[in-house]
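Following: one structure in structure tokens, then a few remarks.
Labels below follow one simple rule: chain letters A, B, ... track the order of the sequence lines, proteins then strands, and each chain is numbered from 1.
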Amino acid sequence: MELLIKLFSITVFASTLRIATPVILASLGGCMSERSGVINIGLEGMMLMGAFSAVVGSWFFGAWTGLLLGVLTGGLMGLLHAFMSVTLKANQIISATAINIMAVGLPNILIPVIWENHYGISPTVPVIADINLPLISSIPIIGDIIGHQNPIVYIALLLVPLISFLLFKTKLGLRIRAVGEHPLAADTLGINVYRMRYIAVTISGLLAGLGGAFLSIAYQSQFSSAMTAGRGFIGLAAMIFGRWSPKGALLACLLFGFADAFQASAQSAGVPIPPEIMLSFPYVLTLVALVGLFGKIALSPAANGKPYYKG
Amino acid sequence: MAAIVKMQNIVKRFPGVLANDDISIEVEEGEILCLLGENGAGKSTLMNILYGLYHYDKGEIFIKGEKTTFSGPGDAIDKGIGMVHQHFMLVPVFTVLENLILGSEKVKGLSLDLNSSKKELEAISDKYGLEIQLDAQVSDISVGMQQRVEILKLLYRGADIMIFDEPTAILTPQEIEELYKVMQSLRLLGKTIIFITHKLKEVKEISDRVIVLRDGKLIETIDTESTSIRELARMMVGREVLFRTEKPEVETGREILNVKNISALNKRGLPALKGLSLNVHEGEIVGIAGVDGNGQTELVEVLTGLRKISSGIITIDGKDMVNKSSGQFLDAGTAHIPEDRLLRGLILDFPIYENLLLGFEDKAPFAKGLFLDFNKVRSWAEELVKNFNIKTPGVNVNAGTMSGGNQQKAVLAREFQRNPKVLIASQPTRGLDVGAIEFVHERIMDAKKEHKAILLVSLELSEIMNLSDRILVIYEGEIVAEFNYGEVTETEIGLMMAGGEDK
Ligand SMILES: Nc1ncnc2c1ncn2[C@@H]1O[C@H](COP(=O)(O)OP(=O)(O)OP(=O)(O)O)[C@@H](O)[C@H]1O
Ligand SMILES: [Mg+2]
């Protein structure tokens, strides 16, 4: 009983949110990009580049500048993906894989250039500090879960309805979705297919960059090689799980976050299960959810992954 | 009258094809101009150029006297040009309303102002008598309504030069009548209409002038009054066309297709077939006449393994086929010409030779162990292209780049190769030119001579009347009347189709 209380303690829920945050941001990025018809498995690399730039920015100019730099770097990566897949019409999987590979290699080269005698890991840098939400933090239980968190956690949670609004309630969103479903039809109505895809994929990169920055200068306080550890891919899985909608993806991300938080607390509580199995728990859960659902949903945007050629 | 549109010396080349070869046309304000030509003559291409969707290699365009260059359809829309495309340009997962406003959205603050657009659209559709469900999802509405949505799109954008690319190819006779009324009233309001069609009767009925294209070249510009259907056909095809196919005398044999009391739901889960029965014998053509949406689509799907039935019996040559897969239907000897060539007939991103191979890929001589003998496939495909007179620069080009009519011919070529026991043909001549229709009708008659059982579903009443040995009228998922060849007039059938009394 005592063990159970410990396992489902409030801290587990609070850290669920923290753990879910970068995944939420990645999945929002996925929604943006894929709704416009561009597959983005490059989220992982965009996040990683964002994380690295954020640390560099934080080291030289402070945490908030680092955050800005991280976000912008993600956006730049998005722009690169758009250029390769929309303008050059390269295979989108390959274009994104190139970004992922670059994002693993480039920081490793740059770290020793920026910080002498550092390899693969940066020194610790200033972080964006957690804040107290004035009124909410005094509410029992709820306050303990969401009252005291990092600002980026709040930003991510706010972005879910915002991106949802953007996609489903605005003019831009309607056009982005049209381009992802039937680009030729959109073209016949005077919509610039390429421009829409550029916008969507760049926003996707900005979101991934924010997620990366959170990891390196909020969740942790340094950059280490490949520190995203598949969160970009899990974000994509969450997006599919949530049927390409931000709100659905949020649920999947929280599920993943909870599984991860749960395994951490189970380990520290001394549950007698090998740590390797516990560590794989969130990933297995994601996999099961995906496999279980995948067969039934063919709701991917119809033109997802297909370059558009003008006549 | 002034020329509202002037296209001068337009040249457009696609890889391997000169689609428009130095074409100059003028369109007068307020007229209905018909653009005629064989499949692949370059009609759609010319109009897509006028609409700004295709770039052209050479030539000049003047709209309302002003020289214009379009960087995209947006510019053409701004100039008052609107186009209903041969293949509808609708996003299936969007609502009708969303499709209508796309690209011309109204906003309130940051969000879309759907309500005010809706009011405006309702007013326009009332004015022109276009019945449209704005809140329905496009994938759920009939083609007739999709057509009206496309027209409403133009009206909403205030187009005064309207291009209709084969708008009647997929409409029922009733819907065609309605469309004519709409077009006439548009003309009375001063709109200019360019109209592409293969139905020469329509050309005579509603157009003021006719322009004929053949092989990318301008052949003739002529006043409608001073020409005849026969002459138009000759100009289009370049030879005499017989408008009636000889019907061979063939002994009908044993029953091949037997359908008893079948019931099935449509894709929205509503009853579409309600205890329908029919049979087709060897050497017999059975025609299904009916207004679109009375269960024809579902009937064909059921008979090709694409839809399950909830009760009833289906046998092919005595073999039980209830709820068998489409592959099993193929193996049992069915060939299927689907009503929607883009949805069910072709894979647009595949080259023609692969499309022609579909359903034969596991059969000799193409399959060799694990491998395909692509040399055989290619030469076979080339032969089909030749036999069926499919216009294409080669068998390696993607099916998506072929003209609509030639896509249809490709489907026909493949399905006729199956050497089936029963041929299920749904709208087999949709979008074909008069010469090609004649060709297809002859092929169907050949199949009859070879003692195949043929089920012909068509919205084209004259096609049903001319080809069928027996005509069944379908109404709300049931067969409500049966006639023998020559025993019935079009008017009588029309009455039955509309749900009139059984005789
Ligand atoms: N996007 C494209 N890419 C390559 N070739 C094309 C493309 N569009 C059309 N063509 C070719 O140009 C020629 C003219 O095609 P077009 O669609 O204009 O014919 P059409 O007169 O409209 O015929 P139909 O009556 O069958 O619709 C055809 O040979 C076709 O294969
Ligand atoms: Mg055409």
Heavy-atom distances under 4.5 Å only: say whether [X] touches chain A with side chain, backbone, both or neither.
{"X": "L90(B)", "value": "backbone"}
{"X": "N48(B)", "value": "neither"}
{"X": "L102(B)", "value": "both"}
{"X": "S104(B)", "value": "backbone"}
{"X": "H87(B)", "value": "neither"}
{"X": "K106(B)", "value": "neither"}
{"X": "F14(B)", "value": "neither"}

Inset, instruction - Mind running side chain to side chain contact (heavy atoms under 4.5 Å, CB included) on H182(A) and V93(B) for me, showing each step along the way? - result: CA-CA 10 Å; H182(A) 197 333; V93(B) 298; over 6 Å; no

Legend entry - Greater than 12 external heavy atoms within 6.0 Å of F350(B)'s CZ: no

Legend entry - Flag if over 12 foreign heavy atoms under 6.0 Å of NZ, K89(A): yes

Legend entry - Side-chain (R175(A)) to main-chain (G103(B)) donor-acceptor, under 3.5 angstrom: yes

Inset, instruction - Drop me the distance from E98(B)'s CD to E181(A)'s CD, to the nearest 0.5 angstrom. - result: 10.5 Å

Inset, instruction - Supply the atom-to-atom distance Y51(B) OH to D187(A) CG, rounded to the nearest 0.5 angstrom. - result: 9.0 Å

Legend entry - chain B contacts, top residue of I191(A), L172(A), L174(A) (heavy-atom pairs, under 4.5 Å): L174(A)

Legend entry - Contacting region of K171(A) [heavy-atom separation from chain B under 4.5 Å]: both

Legend entry - Derivation of the side chain to side chain contact (heavy atoms under 4.5 Å, CB included) call for L184(A) and M89(B): CA-CA 7 Å; L184(A) 180 59; M89(B) 295 297 173; 3.4 Å; yes

